[in-house]
Every structure is written in C-alpha cells, then in structure tokens.
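Here's the structure we're looking at; comments come further down.
Any value given below was found using the heavy atoms of this structure, including those in side chains, with hydrogens, waters and symmetry copies removed. Since this is a predicted model, take the numbers as computed values, not measurements. By convention in this document, chain letters (A, B, ...) are assigned in the order of the sequence lines, proteins followed by strands, and residues within each chain are numbered from 1.
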Protein chains: 4
Amino acid sequence: MSADMQGHNSVVGGIAVEKLRSYIERWERLDEEKRAIGGDQKDLMSMAKADGFDVRTIKHIIALRKKEPSEIEEQETLLDIYRRALGM
Amino acid sequence: MSADMQGHNSVVGGIAVEKLRSYIERWERLDEEKRAIGGDQKDLMSMAKADGFDVRTIKHIIALRKKEPSEIEEQETLLDIYRRALGM
Amino acid sequence: MSADMQGHNSVVGGIAVEKLRSYIERWERLDEEKRAIGGDQKDLMSMAKADGFDVRTIKHIIALRKKEPSEIEEQETLLDIYRRALGM
Amino acid sequence: MSADMQGHNSVVGGIAVEKLRSYIERWERLDEEKRAIGGDQKDLMSMAKADGFDVRTIKHIIALRKKEPSEIEEQETLLDIYRRALGM
DNA sequence: TTAGGCTATCCGCTAC
DNA sequence: GTAGCGGATAGCCTAA
C-alpha cells in the first residue's frame with residue numbers, strides 16, 4: 001500500500017488522484033457558472049419578448065455590434081450588388 | 001450452437017446480427033455519399049472563388065433564397081427599425 | 001443597355017450573372033441531394049428502431065467503426081485507468 | 001419632437017430605445033462573462049495537460065459524471081452486446 | 001399540453 | 001489563419 005493516507009495525494013494506476021479530481025471539479029464548477037449565465041440570458045430574452053421586442057432581431061443586432069462598422073458596410077454593399085445582379 | 005450457418009441470420013446475445021450489420025453498413029454508405037457531395041460543394045465554392053466571387057456573400061444569397069420573400073422583407077424592415085432606434 | 005441579350009451572359013454591377021446563378025443553383029442542387037440522403041438515413045433508423053434496435057447504440061457503434069481499433073483500445077484503457085483512480 | 005428628453009426613455013420608430021439598449025448591453029455583458037469562464041476552462045485544461053493528464057479522457061470523465069450511474073451502466077451493457085454481436 | 005425528435009445555430013477543436 | 005468537424009443548445013413542430 002502507498003505511504004499516503006487514503007484519499008489524500010494517493011496515486012492509483014500512476015494517476016495523481018487528488019489532482020485529477022481537482023481539475024474535474026473545477027471544470028464542473030466553471031461549467032455550472034456558464035450554465036447559470038446562459039439561464040440569465042434566456043430570462044433576459046424572455047423579458048425582452050414580453051416587452052414586445054423581436055428576439056431574433058435583437059440577436060442580429062448583437063451580432064452586428066461584434067463587427068467593425070467598415071466590415072458591415074463592406075458586406076452589405078457586396079450583398080446588395082449580388083442581389084441586384086440576380087434580380088432579388 | 002445455433003442451427004443457422006455462421007455468418008447468416010445468426011443471433012448473438014439476442015441480437016439479429018446480419019440485420020444489425022445491414023443497418024450499420026447502409027448508414028455508412030449514405031454517410032459516404034453525403035461526404036462526397038460535401039466535397040463537390042467545396043470544389044464548387046473553390047471555383048467560384050477562383051472566378052472572383054465572394055464565397056461568404058454567395059452563401060448569404062443561398063440562405064436568403066431559402067426564405068419566403070415576405071419573410072426576408074419583414075426581417076429586414078424590423079432590423080432597420082432597430083438599427084435606426086440605436087443610431088446604427 | 002448591354003450588348004448582350006437579356007438573361008444570357010449579362011454583367012450587372014460588374015457581376016457575371018449567369019455564372020453566379022449557375023454556382024448558386026448547383027450548390028442548391030447538391031444541398032437538396034444531401035437533404036434527401038439525410039431523409040433516407042432517418043428512415044433507416046426508424047426501421048432499425050421498429051426492429052427493436054437501440055438507435056443511440058447503433059450510432060455509437062458507427063462512431064467506433066470510424067476509428068482505428070488501436071485508437072479505441074488506447075482510449076478505453078486510459079478511460080478505465082481514470083475511472084478506477086476516481087472510484088467510478 | 002418627443003416630449004421625452006433626448007437619450008432617456010425616448011421612442012424611435014415605435015421602439016423604446018433605452019429598454020432595447022439595456023437588453024442588448026446586458027446580453028453582451030453576460031456573453032463576456034461566459035467568454036471569460038471559457039478562457040478559465042481552457043487554462044485549466046492546459047494545466048492538466050502540463051501535469052501529464054489526457055485532456056480528452058478528462059472530458060470524457062466529466063461527461064460520464066453528468067449521467068446517472070444506472071444510465072451509464074445501461075448504455076455500456078447495450079454497447080457491449082452490440083459489439084460482441086458484431087465481433088468487435 | 002407536454003414530451004420527443006429534427007433542425008439550425010453556435011462553439012471549441014483540429015488539421016491543414 | 002482558415003475551414004471543416006463534432007458536440008452541445010435552443011427553438012420548432014409533431015404526435016400522443
């Protein structure tokens with residue numbers, strides 16, 4: 001048997017058990033936080049919807065705000081050209 | 001031993017082996033076809049790019065063509081309203 | 001007006017319309033084929049389910065078959081070691 | 001001009017601007033928090049890797065821990081049956 | 001009305 | 001740095 005007391009710093013099959021467990025649990029804790037934030041976001045959009053906003057459009061706006069204005073401009077111009085070419 | 005000859009209609013662990021194998025292989029074959037088509041699509045866009053087209057914009061156009069014109073109109077109107085409201 | 005007859009090889013806003021349209025339509029056609037295959041796959045799994053097979057497990061098997069046996073073995077060994085270390 | 005002072009509770013195109021802006025900014029803030037946590041998770045796995053752990057296996061363990069033990073057992077049993085049937 | 005499956009979207013990862 | 005890939009998630013729609 002290992003010289004370590006069971007449950008602390010023990011090594012099983014060449015694995016540092018406590019370290020491994022720590023990594024796993026920290027990951028899970030962070031995951032839980034992300035999940036909670038995701039829940040908040042969902043609530044937020046529910047409220048927006050209840051206020052009469054269109055959620056899809058809000059998300060579209062948020063996506064636009066992530067881009068440089070010049071990039072938006074450029075892409076919209078190009079799209080317009082293609083649409084005109086196709087008669088859309 | 002089963003009365004069936006090995007390899008045909010045998011049952012292992014309550015599983016009809018040949019039937020199972022057939023389902024799996026047919027799935028894999030279909031998957032392979034999808035993959036091949038995906039390759040064709042990739043080639044197609046490479047050619048378009050070589051012809052000077054903007055692939056991102058083409059994909060955007062394709063997405064637009066999947067929607068009803070009235071739906072496009074509606075969403076663009078809404079987006080415009082929101083953008084104006086936000087001074088974008 | 002362009003010297004080209006309308007609808008053939010015309011250029012609008014610097015865009016070779018017919019070429020663009022061709023790329024788009026070929027892409028859409030390929031997409032449609034992919035969709036059809038996806039439908040076949042869906043039917044296939046419905047049949048498997050009706051035959052009493054577990055669809056989730058079949059999909060798992062298919063995923064395994066994509067990997068090298070040595071890779072499967074290696075990963076399962078590692079997973080076992082970790083599970084034992086954690087008392088799972 | 002609206003009776004509201006500019007920049008507060010104003011309505012543009014029938015849109016309650018400040019409310020909309022608030023929803024958007026709160027969403028973006030939450031997004032930023034999620035992104036930060038994602039970064040922490042990435043760091044965590046880098047550390048685990050540096051400690052000699054296999055990241056893929058750790059993630060697998062984490063996925064297992066999300067499931068009920070009975071569910072794991074059930075799925076593994078089924079998978080085993082299918083694999084044996086197929087001679088894998 | 002609720003549960004389940006399907007689709008579309010998004011994210012991180014990986015391989016080039 | 002980019003594109004394809006796989007996994008996860010949310011919303012939609014159907015069927016019970």
Side-chain angles (χ1 to χ4, degrees), chain A residues 27-28 30-46 48-49 54-60 62-64 66-67 71, chain B residues 27 31-32 34-50 54-56 58-60 62-68 71 75, chain C residues 27 30-32 34-50 54-56 58-60 62-68 71 75, chain D residues 27-28 30-46 48-49 54-67:
Chain A
W27 177 281
E28 288 173 336
L30 291 169
D31 241 20
E32 184 45 46
E33 291 177 32
K34 279 210 298 189
R35 180 171 311 279
I37 292 170
D40 289 348
Q41 286 182 314
K42 189 178 169 184
D43 292 346
L44 197 59
M45 284 302 116
S46 293
K49 190 173 188 173
D54 182 71
V55 172
R56 175 198 292 261
T57 305
I58 290 183
K59 295 236 176 116
H60 197 155
I62 290 166
L64 285 177
K66 284 186 185 170
K67 298 181 187 171
E71 194 192 351
Chain B
W27 177 281
D31 243 18
E32 184 45 46
K34 281 209 298 189
R35 180 171 311 278
I37 293 170
D40 289 348
Q41 287 182 313
K42 187 180 167 183
D43 293 345
L44 195 60
M45 284 303 114
S46 294
M47 290 165 60
K49 190 173 185 173
D54 182 71
V55 173
R56 176 200 291 261
I58 291 183
K59 295 232 176 121
H60 197 156
I62 290 166
L64 285 178
R65 282 163 59 103
K66 283 185 186 170
K67 297 182 188 173
E68 295 292 328
E71 194 192 352
Q75 286 177 196
Chain C
W27 207 94
L30 292 169
D31 239 21
E32 185 45 47
K34 280 208 301 188
R35 180 172 310 280
I37 293 170
D40 289 348
Q41 287 182 313
K42 184 182 165 182
D43 293 344
L44 196 59
M45 284 303 115
S46 293
M47 290 165 62
K49 190 173 186 174
D54 182 72
V55 173
R56 175 200 291 262
I58 291 183
K59 296 234 176 119
H60 197 156
I62 290 167
L64 284 177
R65 283 162 59 104
K66 284 186 185 170
K67 298 182 188 172
E68 295 293 329
E71 194 192 352
Q75 287 177 194
Chain D
W27 207 96
E28 287 172 337
L30 292 169
D31 240 20
E32 184 45 46
E33 291 177 32
K34 279 209 299 189
R35 179 172 312 281
I37 293 170
D40 289 348
Q41 287 182 313
K42 191 178 167 183
D43 293 343
L44 196 59
M45 283 303 113
S46 293
K49 190 172 186 175
D54 182 70
V55 172
R56 175 199 292 261
T57 304
I58 290 183
K59 294 230 177 126
H60 197 155
I61 291 283
I62 290 166
L64 284 178
R65 283 163 58 104
K66 282 185 186 171
K67 298 181 188 172

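When only modelled atom types and interatomic distance are considered, C/Gln75 and D/Asp54 share no side-chain donor-acceptor pair under 3.5 Å.
No side-chain heavy atom of D/Glu33 sits under 4.5 Å from any side-chain heavy atom of A/Asp40. Side-chain contact between A/Ile37 and A/Lys34: absent, with no pair of heavy atoms (C-beta onward) separated by less than 4.5 Å.
The CE atom of B/Met45 sits 11 Å away from the P atom of F/dG4 (whole-angstrom rounding). Between the P atom of E/dC10 and the NZ atom of A/Lys66 lies a distance of 9 Å, rounded to the nearest Å. One can place NE2 of A/His60 at 15 Å from C1' of E/dC10, the figure rounded to the nearest angstrom. Rounded to whole Å, the distance from CG on C/Leu44 to P on E/dC6 is 13 Å. Between the CG atom of C/Asp43 and the C1' atom of E/dG5 there is a distance of 14 Å, rounded to whole Å. Rounded to an integer number of Å, the gap from CD of D/Gln41 to C1' of F/dG7 is 14 Å. Straight-line distance from the CD atom of B/Glu71 to the P atom of F/dC12: 12 Å, rounded to whole Å. In this structure, CD1 of A/Ile58 is placed 13 Å from P of F/dG11, rounded to the nearest angstrom.
Among the atoms of the strands shown, only primed sugar atoms or phosphate atoms (P, OP1, OP2) are found under 4.0 Å from some heavy atom of D/Lys59. Within the 4.0 angstrom heavy-atom criterion, no nucleotide atom of any strand lies near D/Lys34. Within 4.0 Å (heavy atoms only), A/Arg35 reaches sugar-phosphate atoms of the nucleic acid but no base atom.
No more than 12 heavy atoms of other residues, nucleotides or ligands shown are found within 6.0 angstrom of CZ on A/Arg35. With a 6.0 Å radius and a threshold of 12 heavy atoms from other residues, nucleotides or ligands, B/Arg56 has its CZ atom at or below the threshold.
Between D/Arg56 and D/Asp31, the residue whose closest nucleotide on DNA chain E is further toward the 5' end is D/Asp31.
Comparing E/dC13, F/dG11, F/dA3 against the side chain of B/Lys49 picks out F/dA3 as the nearest. Checking F/dG4, E/dC13, F/dG6 against the side-chain heavy atoms of B/Lys42 singles out F/dG4 as nearest.
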